[in-house]
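Since the structure comes first, as structure tokens, the remarks are kept for the end.
Proteins get letters first, then strands, A, B, ... in listed order; numbering begins at 1 in each. FYI, side chains are in, hydrogens and waters are out, and symmetry mates aren't considered; it's all heavy atoms of this structure.
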Protein chains: 2
Amino acid sequence: MRASARARGERAAQVSANGGERGRVATIFDVARLAGVSHQTVSRVLNDLPNVRPATRERVENAIRQLRYVPSQAARALVTRRSRTLGLVAAGLPDFGPSSIVLHVNESAADAGYAVITTTLADALGPTLRSAAEMLIRQNVEAIVLIATERAALDAFDGWELGVPLVAVASEARGRALRVTIDQYRAARAAVSHLLELGHRDIRHIAGPAGSMDAEERLRGWRDRLGEAGIAVVDPPRGDWSPQSGFDLGTAMLQGGVPGAVFVSNDQMALGLLHALAEAGLRVPEDVSVVGFDDIPEAAHFQPPLTTMRQDFVGLGRDAMAAVLAHLQDEQSTEHPEPRPSQIIVRSSTRAV
Amino acid sequence: MRASARARGERAAQVSANGGERGRVATIFDVARLAGVSHQTVSRVLNDLPNVRPATRERVENAIRQLRYVPSQAARALVTRRSRTLGLVAAGLPDFGPSSIVLHVNESAADAGYAVITTTLADALGPTLRSAAEMLIRQNVEAIVLIATERAALDAFDGWELGVPLVAVASEARGRALRVTIDQYRAARAAVSHLLELGHRDIRHIAGPAGSMDAEERLRGWRDRLGEAGIAVVDPPRGDWSPQSGFDLGTAMLQGGVPGAVFVSNDQMALGLLHALAEAGLRVPEDVSVVGFDDIPEAAHFQPPLTTMRQDFVGLGRDAMAAVLAHLQDEQSTEHPEPRPSQIIVRSSTRAV
DNA sequence: CGCTGATGTCCCCAGCAATGC
DNA sequence: AGCATTGCTGGGGACATCAGC
């Protein structure tokens, strides 16, 4: 079909004629023309394929530099069916946990040569999630990573054929999504163990919101560990992660007497609790021991510096990216990686009784 | 050219023959075939163009639903040269300020129907920025939004033809980038005015790092406002935004005596300062007044609750997106929007002397 | 002949302009 | 005039083919 070839040639000629035109960028044909080879040879150079003579390669590379040629991702995506792009769906920003995960998934993706399209959601309702996912699919993402704090978010994706792999960062295993996770349950048990080892028996809990899987796992860890120690518990109050709710629930808790220790489901609520305790004239850790969760940057400078659980968000980001890549290479790989362990950071808000 | 049309037809036939094949997605031709129209008619339906009979439109829409057809963004981008995608370059995460800006730019972009590819940077060095920007260009973004905290980041982009509009979120006007901003200078002046009105004269400052434009503007506001009040100042100590640096610099500051009031360049360092003051047995606000900057969610529950400057990140995100859209529609529009004003939040860390 | 290095053709998928009924 | 169709375009990769030694 010579007509086609000629059309290409004419176009290329036009381009070199008005190369100075604003906004016009070089194509692979322009490069080929300048280097005196076919566009296919340029393609081989671009993709590091064999069968290109070093001298030819050199010429092509010079032409690329000269024209400041950048391959069109759109054209490449069209033919390879690979966009080198990931979708990231995150609700619950700007909390420390989700934000950190987003940050580190981004970093791991960049290392793997992937771009990340992030959609932040105000709520985790089905329709919202659905339209976010559809937008990502339209943008041609190769996989979707879902930062799921609420159970509802995970459920919304279930029984819904996306067409691309779904990796969920979540603390419960639900649905068919590939899951990467931090072991919140064991971390909560470790926090309670720390208090038990200090001799505490009256260990209360301020939990996170009901829909949150993280909150649920931390609550379960607290309950189970106390149960094993032969200590009966009642249902704990639930906050919304905010310092204000920690303050309110802490104030309410003090109405019924002074607890020996409190395990709080995140650092911000722990801060609110510290505030409530200070207002009530109670000293930490002399009167009450407090353990938080997350190890936010501020925690080391609370009054007193907070004992808390530090999570491995960096590792989690890597796990998520590894899961994506594994699934992209091999559809069958449904191996869930080991949950990432957490680490207790003992500061000055806990002490032995 | 009938050959071409026939090739299309054959391909379409193949598709419907193995429609169950894994990973194969429907194209506009499959839809056209099922609806008994040409692909162009489908295109008109997709783009809400006139000249489609309601009955035809109906048939096409049914076919789209039936095949779960999603237009290929890659193909569309190739022909329209519009990717509906924005690039966002952010250094300095996960600090509260930059994180908030990223979040709200994302939201505003989503409202405008744009996807956002975010790249997070470990440092703001030239080569890092450059490769980040190149990656975004390859991904075909229509514009780049740069969250620039450091002056060096802004300078790195200068004199460098990107090929796409650049919008900088930054507190200094540098280079040719379109700029949106929060007026840090006026905000700092307001913070100092608050202390002056309370009768303070000995008003110190703990500044942010030297390269930071935000830190510089806040420092300048503090210096100028005090100068106007006839109060001489010396160069303030500089932290790195972290609570630890606030603690260290606060401790050092107390070696030279107890100040009347301190204006701290961000809330986290203010927290460190509160910690240092508490350790020295000083009371806030009885002995020392403290004003922070940012109004992070924790600030209301510091001990004591912190007086601080709240910035309008939501508005800033909208400004950034508006600037992008304006520039995309009209290359000449280089109007910088008015800087967003900030608001003082008076809590319990300041009081009259 | 057999291998290396380079070329030609078709295809990916959607939108636009011109055309046809 | 209203509605639908045909042909071409965009940038680059896969594959088959070809030239040279």
Hey, does A/Leu46 have a side-chain heavy atom less than 4.5 Å from the side chain of A/Tyr69? yes

Taking CG from B/Leu67 and C1' from C/dC13, how many angstroms apart are they, rounded to a whole number? 15 Å

Distance in angstrom units between B/Ile28 CD1 and C/dC11 P, rounded: 18 Å

Quick one: A/Asp48 CG to D/dA14 P, roughly how many Å, whole number? 13 Å

Report yes if at least one side-chain N or O of A/Ser43 is closer than 4.0 Å to OP1 or OP2 of D/dG13; otherwise report no. yes

Which part of the nucleic acid, if any, lies within contact of B/Ser38, taking any heavy atom under 4.0 Å across all strands shown: a base, the sugar-phosphate backbone alone, or nothing? base

Under 4.0 Å from OP1 or OP2 of D/dG10: is there any side-chain N or O of B/Arg76 that close? no

State, yes or no, whether a side-chain contact exists between A/Arg59 and A/Val37 at a heavy-atom distance under 4.5 Å. yes

On DNA chain C, check which nucleotide each of B/Leu78 and B/Arg44 is closest to and give me the residue with the more 5' one. B/Leu78

Which heavy atom of B/Ala74 sits nearest a heavy atom of A/Ala77, and at what distance? CB-CB, 3.8 Å

Just call it for A/Val52: base, sugar-phosphate, or nothing, with non-hydrogen atoms closer than 4.0 Å on any strand. sugar-phosphate

Touch check for A/Thr41, heavy atoms < 4.0 angstrom, all strands: base, sugar-phosphate only, or nothing? base

What is the pairing partner of D/dA1, taking Watson-Crick or G-U wobble pairs with both distances under 3.5 Å in any strand? none

Quick one: is C/dC13 close enough that its OP1 or OP2 comes under 4.0 Å of any side-chain N or O from A/Arg81? yes

Name the residue closer to the 5' end of DNA chain C, choosing between A/Val79 and A/Arg57 according to the nucleotide with the nearest heavy atom. A/Arg57

Figure out the CZ/P separation between B/Phe29 and D/dC8, and round it to whole Å. 14 Å

Just by distance, no angles: are the side chains of B/Gln139 and B/Thr85 close enough, under 3.5 Å, to form a donor-acceptor pair? no

Between D/dT9 (P) and B/His39 (NE2): distance, integer Å: 14 Å

Can you check whether B/Leu86's main-chain N or O pairs, donor with acceptor, with B/Glu142's side chain at less than 3.5 Å? no

Round to the nearest Å and state the distance from A/Leu49 atom CG to C/dT7 atom P. 15 Å

May I ask you to verify if any side-chain N or O of B/Arg53 is less than 4.0 angstrom from the OP1 or OP2 atom of D/dG2? no

In whole angstrom, what separates B/Asn47's CG from C/dA14's P? 11 Å

Between C/dA14 atom C1' and B/Asp30 atom CG, what is the distance in whole Å? 13 Å

Both B/Asn51 and A/Val70 contact DNA chain D. Taking the nearest nucleotide for each, which residue is further toward the 5' end? B/Asn51

Checking all strands, does A/Val37 fall into the base, sugar-phosphate, or nothing category for heavy-atom contacts under 4.0 angstrom? sugar-phosphate

C/dA6 phosphate, OP1 or OP2, under 4.0 Å from A/Thr56 side-chain N/O: yes

